A.B. asks: 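Can you keep this structure in mind? I'll have questions shortly.
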Amino acid sequence: MILDFEKPIKDFEARILELHRLAGSNEGLQEEISRLEAALESAKKRIYSHLTPYQRVQVARHPERPGFREYRDALADDFYELSGDRLGADDPAVRGGLARIGGHPVVLLGHDKGTDVKARVASNFGMAHPEGYRKAGRLYALAERFGVPVVALVDTPGAAPARGAEERGQAWAISADLMALARVPVPVVAVVVGEGGSGGALAMCLADHVSMLENSYLSVIAPEACASIIFRDPSRAAEAAEAMKITARDLLAHGIVDDVLPEPLGGAHNEPEAATTVVARAVEGSLSRLTKMEPKALVKARYERYRRMGAHLEAGEIGAENGAAGGISMEHPEGNAPVR
Amino acid sequence: MILDFEKPIKDFEARILELHRLAGSNEGLQEEISRLEAALESAKKRIYSHLTPYQRVQVARHPERPGFREYRDALADDFYELSGDRLGADDPAVRGGLARIGGHPVVLLGHDKGTDVKARVASNFGMAHPEGYRKAGRLYALAERFGVPVVALVDTPGAAPARGAEERGQAWAISADLMALARVPVPVVAVVVGEGGSGGALAMCLADHVSMLENSYLSVIAPEACASIIFRDPSRAAEAAEAMKITARDLLAHGIVDDVLPEPLGGAHNEPEAATTVVARAVEGSLSRLTKMEPKALVKARYERYRRMGAHLEAGEIGAENGAAGGISMEHPEGNAPVR
Amino acid sequence: MPDTESGLASTDGVFTKCESCGDPIYEKDLASRFNVCPHCEFHYPLSAPDRIRLLADTGSFEGRDEGMLAGDPMGFEGYGEKLAAARKKTGLDDAVLSGTARIGGHGVALAAMDFRFIGGSMGSVVGEKISRAMEFAYDEGLPLVIVSSSGGARMFEGVYSLMQMAKTSVALSRYMTGSMPYVSILADPTFGGVTASFATAADVVIAEPKARIGFAGARVIESTTKERLPEGFQTAEFQKDHGLVDRIVHRLALKNDLERFLGLLA
Amino acid sequence: MPDTESGLASTDGVFTKCESCGDPIYEKDLASRFNVCPHCEFHYPLSAPDRIRLLADTGSFEGRDEGMLAGDPMGFEGYGEKLAAARKKTGLDDAVLSGTARIGGHGVALAAMDFRFIGGSMGSVVGEKISRAMEFAYDEGLPLVIVSSSGGARMFEGVYSLMQMAKTSVALSRYMTGSMPYVSILADPTFGGVTASFATAADVVIAEPKARIGFAGARVIESTTKERLPEGFQTAEFQKDHGLVDRIVHRLALKNDLERFLGLLA
Ligand SMILES: [Zn+2]
Ligand SMILES: [Zn+2]
């Protein structure tokens, strides 16, 4: 799949390939190739360093973007998969098990969107059902039992808007995961590697350290849905994406996440190994730091981390009613101070 | 419903009723009535004090036998019912909630076979589905949270032999209840008020104190099923009931349960208030005693209680292979020593 | 189905027409019955102040964290105006009131959401006040009673809205390490981030009759999956049948129900 | 479907016929492949001693609680003879072997059930030996590995058989307060009281391919409900699809699988 804004790049690439094919017997073409290659590089830089938030959402959703399997292989020396919620179902949208990452035994889990059509349908395009959240809950409990960290790779459009998911209590299941993550006395490391859709994403990234890949996003609602509710026009999704500040850099600036992991030029799908490597290094770094902390201190720090996230004004604070009601951007303590 | 061995009693009762109807104008009939009433009493005594084990099973299954609702009303000053497994279903075969019994706040639960045909079908005749065991598990967790005792009223033919129950992991659900009851740091009091069918019953009576109504039974398998497997003849259920020693008195003698609660002459269904009153008193007594114990001591005592139940022979113990293989009944430490 | 955003039936005249059964209602009757139709028992939305009047022993409610106002962390176009209008309409600072109260003599921490305030959406103020109520209840050893009514996230606050789910969850998780009970009451409608965080992780979940409860709304599901949803989908009764709700309690019996529950554990 | 009670295919001659695929098998091949058909990979029942030979590092197994024998607490007609015959047939004292071993160098407590011994039924000896293995593992801080294969209760011991579910549950519940892992391996068939107690309450549940696992058997369900059960009902694969089993592992890969798991947590 080629995204709209990728077209100039893909055109350059096609021309370069064609010239290479012809170049064998023609010395002069080499020069033209070099020229085009330079142009390609600069086009890539120009395009990818100025992606709009909504373009990043499209990159985050790219079907060729690396997924759970690629990260799992890059991160883990061994991955011992566990299945099922122990209640009656196994949701392939959530995968997890024991793994070893950078020498640390961990519980590794993540959303798996699947790699072919059949798997994509089976995993409901990464939208977990309640069974998936309950499988995650079981994995959190195992991490606590064994005293090993949780590493979560987030990549979901969000919870499933589906009859069965409601009948089996997806809100209850997400809530139970949040409660579990809030108190699990082991390090919790999360990386948003693609889509970070609302509560379904949060059920895997209430964590001690949250990294985001440069072109991933984390949002309380899909930009399309936000546009259709607030602007009453789903085609204004780009505006909604802009307004909600859902990109990795925006969230870092707001102190919601801890770091932004650079993607290769052209996005993770253009150079999967570069993306998986940077994620693996980030996870290893977080694990090395967090495994040194006492469980109680970890849970306390996690408490304080989330407890202070918000943008309310205390009674009487700056201009109060008028200031806030007038839409003037206000100060909030953690607003501009990334944790690291 | 009139059980076979109840027929002589019911015949006496019918004749007495008929005479009463005629007696209004006839002095002489009063004498005949008195004679018949004495005969009725002695027939009741004769029949009910010599019930075979299988006849007791039939009494335990009697459709008019008091059920969860009657005991709940007799035991609890208030009953605040809670519903559901929080996973997608509410099993009416298991009911429970908060209650106050003899001044003690408790979690009260039990099997509910239902009182009319519709309710009996809905509750699957008291055979819980996995959702029922999980509802029980939720109630055990609540008891732990609030630090209040568990009171369980057991009345189930056993687990449901059904496709859905297997697909949703009834064995896993029963096992989880057993694990929960093994460690819940509050007093657990159970009364087998009717049928105590295998694992489904045990999931509510791994307890600190287990009482049984005189005509209830507790068995690893239904007598009919045992007969059909071992004797290859389901009609030999009475023999199987005899052989497996499933009556309250047998189980008391074997030290498996703690006391036998007398039923009114003719069985609990003939005088429900008498039965519910004796159960209420027994539960209150157990609660008064057990609520004085420390949680840790309770769990430890529960551990030791179940840990020693068994009839194995240590290597070299009495005659060993020959003795046991020859079918000679052997000693087992707790065999004849009821706890109270 | 009445326009639940309206909060209250019109109070312009003497009579109003029940949007559920169509019968005329004396507005005084409706008010004295806390917005429950005297003919068909339909439960109309109840404001947070009225909810507190319904549940708290007379004069026992003491508000906490009053005057806390929403910021506009994203500088989201129109949010300021939206807030100003909601404040004007409701007389409230935001979509929740919180404080302490007595219910049948039992001291509790009590919070009530107000659907009239931007659809009871959870922004930073809701998250903060709910979390503070939990912390206060934990510190003081008080039972916790929260009445939810929410369309879900407050999109205008972007990811801050999402993070209120995390914030209330850490606060609730700590509260639950104590032994005091948490009762969550779900009023029509309760959806989205509120359902998927503090409103369902309770010891006891009570719902009002016919209240619609879920994560995704029925309209979103129907438009996404093209599936026709069954009659009564996501009503309180439906969710109780699905094991997700403990009890369905008529609004006028709610105070007594809480008194019974609190009395049992007292 | 082979007669699983037989435990092993006949060893009278040089060849035996696979009851699953019908192909002839060299009996030596079958034995060297731990009773897995070399043609169709069907897993025949494996005796407890062979199971230990399969899993434990050579020479590392040390049996515990050997010589413990079943009593006959109910004086159940024919039980004594049944026990004597089972002992003679299997050379075992009862339906489980337990002890300590090394698996890929990792010290573990290991127990293996033997279906040949009265259908692997759980009587007092099974319950006691399993419980002691759990206690020993807890005291010594060892991972616990139990291989189950059981038709369910040992009816001849009446309620004592039922109480082994309670006994193993209290022992396991204590074990689980530690931080060492418990791996349960389910071999064909595992049913009844074993499935409903220690065999499923594990950190990791592994099943052999096509092993039948459940509480009530398919025949009982069909005769009770008159419902036709789906293809593959209660197989390991079916139970994994239903979220009840973590992994399906070929018998000849089982030791390696355990080594990987133990290595991850070591
Ligand atoms: Zn009406
Ligand atoms: Zn074969």
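This is a predicted model, so every value here is computed, not measured. Every chain is numbered from 1, with letters handed out A, B, ... down the list of sequences.
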A.B. asks: Taking B:Glu166, B:Gln170, B:Arg302 one by one, which has the highest count of heavy-atom pairs under 4.5 Å against chain D?
C.D. replies: B:Glu166

A.B. asks: Quick one: does B:Asp85's side chain have a donor or acceptor within less than 3.5 Å of a partner on B:Gly88's backbone?
C.D. replies: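 Yes.
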
A.B. asks: Tell me, for B:Leu181 versus chain D, whether the close heavy atoms (under 4.5 Å) come from the side chain, the backbone, both or neither.
C.D. replies: neither

A.B. asks: In terms of heavy-atom pairs under 4.5 Å, which option from B:Ile221, B:Asp250, B:Leu202 contacts chain D the most?
C.D. replies: B:Leu202

A.B. asks: So for D:Glu128, is it side chain, backbone, both, or neither that comes closer than 4.5 Å to the heavy atoms of chain B?
C.D. replies: both

A.B. asks: Are any side-chain N or O atoms of D:Tyr175 and backbone N or O atoms of D:Leu144, one a donor and one an acceptor, separated by less than 3.5 Å?
C.D. replies: yes

A.B. asks: For the CD atom on D:Glu227, are there more than 12 heavy atoms of other groups (residues, nucleotides or ligands in this structure) within a distance under 6.0 Å?
C.D. replies: yes

A.B. asks: Would you confirm whether D:Asp203, through its side chain, and D:Tyr182, through its main-chain N or O, come within 3.5 Å as a donor-acceptor pair?
C.D. replies: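 It does hold such a pair.
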
A.B. asks: List for me each residue that meets side-chain hydrogen bond (donor to acceptor under 3.5 Å, both in side chains) alongside D:Ser173, sequence neighbours excluded, and say none if there are none.
C.D. replies: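 Not a single residue meets the side-chain hydrogen bond (donor to acceptor under 3.5 Å, both in side chains) criterion with D:Ser173.
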
A.B. asks: Is it the side chain or the backbone of B:Leu218 that comes within 4.5 Å of chain D heavy atoms, both, or neither?
C.D. replies: both

A.B. asks: Tell me, out of D:Thr195, D:Val205, D:Thr168, D:Thr224, who's got the most heavy-atom pairs with chain B below 4.5 Å.
C.D. replies: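 Between D:Thr195, D:Val205, D:Thr168, D:Thr224, the count favours D:Thr195.
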
A.B. asks: Let me know if D:Leu229 has heavy atoms under 4.5 Å from chain B in its side chain, its backbone, both or neither.
C.D. replies: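 Only the side chain of D:Leu229 comes within 4.5 Å of chain B.
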
A.B. asks: Side chain from CB out, backbone as N, CA, C, O: work out which of these in D:Arg132 comes under 4.5 Å of a heavy atom of chain B, or both, or neither.
C.D. replies: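 Both parts, backbone and side chain.
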
A.B. asks: Taking B:Met179's backbone N and O only, do any of them form a donor-acceptor pair with D:Ser169's side chain (distance below 3.5 Å, no angle check)?
C.D. replies: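 Looks like no, no N/O pair under 3.5 Å.
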
A.B. asks: Please work out which of the three classes, parallel, tilted or perpendicular, describes the rings of D:Tyr160 and B:His254, given edges at 30° and 60°.
C.D. replies: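 Ring orientation of B:His254 relative to D:Tyr160: perpendicular.
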
A.B. asks: Return the option, out of B:Ala243, B:Ala171, B:Ala182, with the maximum number of heavy-atom pairs under 4.5 Å with chain D.
C.D. replies: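 Ranked by heavy-atom pairs under 4.5 Å with chain D, first place is B:Ala171.
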
A.B. asks: Can any side-chain N or O of D:Thr200 pair as donor or acceptor with the backbone N or O of D:Ala196 at less than 3.5 Å?
C.D. replies: no

A.B. asks: Side chain from CB out, backbone as N, CA, C, O: work out which of these in D:Glu222 comes under 4.5 Å of a heavy atom of chain B, or both, or neither.
C.D. replies: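 Neither the backbone nor the side chain of D:Glu222 comes within 4.5 Å of chain B.
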
A.B. asks: What part of B:Leu178 gets within 4.5 angstrom of chain D, counting heavy atoms only: side chain, backbone, both, or neither?
C.D. replies: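 Both backbone and side chain.
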
A.B. asks: Tell me which of these, B:Arg183, B:Glu242, B:Met244, B:Arg168, has more heavy-atom pairs under 4.5 Å with chain D than the rest.
C.D. replies: B:Met244

A.B. asks: Please list, in residue-number order, every residue in residues 241-249 of chain D that has a heavy atom less than 4.5 Å from any heavy atom of chain B; write 'none' if there are none.
C.D. replies: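 Hits under 4.5 Å: D:His242, D:Leu244, D:Val245.
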
A.B. asks: Flag the one option from B:Ala162, B:Ser175, B:Cys205 with the top tally of heavy-atom pairs under 4.5 Å to chain D.
C.D. replies: B:Ser175

A.B. asks: What residue in D:Gly123, D:Ser131, D:Ala153, D:Gly214 has the most heavy-atom pairs under 4.5 Å with chain B?
C.D. replies: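 Heavy-atom pair counts peak at D:Ser131.
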
A.B. asks: Just give me the residue among D:Met176, D:Glu135, D:Gln234, D:Glu157 that pairs up with chain B most often, heavy atom to heavy atom, under 4.5 Å.
C.D. replies: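 That would be D:Glu135.
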
A.B. asks: Go through the atoms of D:Phe191 and report whether side chain, backbone, both or neither lie under 4.5 Å from a heavy atom of chain B.
C.D. replies: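 For D:Phe191, there is no contact with chain B at all, as no heavy atom is under 4.5 Å.
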
